[in-house]
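Both counts, for ligands and for their atoms, begin at 1 and track the order of listing.
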Amino acid sequence: MTATPRIVVLTGAGISAESGVPTFRDADGLWEGHLVEDVATPEAFERDPETVHRFYDGRRRAVASVAPNPAHEALARLEAALGDELLLVTQNVDDLHERAGSRRVLHMHGELLRARCLACEQRSEATGDLIEEPPCPACGERMLRPDVVWFGEMPYGLDEIDAALVGCERFVAIGTSGAVHPAAGFVLTAAAFGAATLELNLAVSEITEFFDETRLGRAGELVPSWVDEVLGGGAPR
Ligand code: APR
């Protein structure tokens, strides 16, 4: 049993933007002319698994070729100092938090580097292209799907996240547009239970009005300076 986290951090695509991973809803947020909503659904996978595999295989390769940035590194530094007092929740399916040194990352939308078997439901590591239809390491069936949470599916870890939001002192959202629920509502839960709330984002988001404070700028600059504030003592937000 871990302690109730004092700080809950939620990250979105904006934290990986400076590493070269495109966000979903900024100017270049289309993939080969598809809206992400059109490839990231169970219906899309049923209708056209090849297109969906190409989308995620491409993203897996793209992420393998980039590196974490100072924002990921700062959050790893925060975890090293705070341990279980920090819960890092990410909507991102990349592994840049882990590669920066974070050890406990709750991937609420799943992970590019994992697959799930449609036959036996086992989750397994996925480093290569799933369009090649590799066999499931558990049951041998060639029915692997990316272990990412699609629109209309239940995100991972919601019970743990809710408990942390209710008990935390501070909630910080980094690089997320607030367009996708339930993550977009986390700020309201945290605030309702008395947490101070801070948003670090490049631009005003759909949920900016719900935060006590918003700092606009690049994650690679804002996050390290916020972490310095927290670790430096005083009265950080
Ligand atoms: N630093 C900080 N914020 C940035 C930066 C940056 N360098 N670059 C972009 N941003 C901000 C944008 O202003 C935007 O508000 O990051 C946000 C990215 O928003 P989205 O592309 O909508 O990404 P996200 O909020 O993570 O999307 C949520 O939608 O498609 C689904 O499952 C997918 O997890 C994803 C979810």
Tell me if the [atom1] atom of [X] is crowded by more than 12 foreign heavy atoms within 6.0 Å.
X	atom1	result
Glu46	CD	no
Arg116	CZ	yes
Glu125	CD	no

- Task: Among Val172, Ile174, Thr208, find the residue that satisfies the side chain to side chain contact (heavy atoms under 4.5 Å, CB included) test when tested with Glu199.
- Result: Thr208
- With respect to Thr11, which candidate in His72, His97, Gln91 satisfies the side chain to side chain donor-acceptor pair (under 3.5 Å) definition? His97
Ligand 1 N/O to protein N/O, distances under 3.5 Å:
from	atom 1	to	atom 2	distance (Å)
ligand 1	1 (N)	Ala219	N	2.8
ligand 1	3 (N)	Leu202	N	3.1
ligand 1	7 (N)	Glu18	OE2	2.7
ligand 1	15 (O)	Asn201	ND2	2.9
ligand 1	16 (O)	Gly175	O	3.3
ligand 1	19 (O)	Ser177	N	3.4
ligand 1	21 (O)	Phe24	N	2.7
ligand 1	21 (O)	Arg25	N	2.8
ligand 1	22 (O)	Arg25	NH1	2.8
ligand 1	22 (O)	Ser177	OG	2.6
ligand 1	25 (O)	Thr176	OG1	2.7
ligand 1	25 (O)	Ser177	N	2.9
ligand 1	25 (O)	Ser177	OG	3.4
ligand 1	26 (O)	Ala13	N	2.8
ligand 1	27 (O)	Arg25	NH1	3.2
ligand 1	29 (O)	Arg25	NH1	3.1
ligand 1	29 (O)	Arg25	NH2	3.3
ligand 1	30 (O)	Arg25	NH2	3.4
ligand 1	32 (O)	His109	ND1	3.3
ligand 1	34 (O)	Gln91	O	3.1
ligand 1	34 (O)	His109	ND1	2.8

- Item | With Phe45, the ring-ring contact (aromatic ring centres under 6.0 Å, His included) member among Phe151, Phe55, Trp150 | Trp150
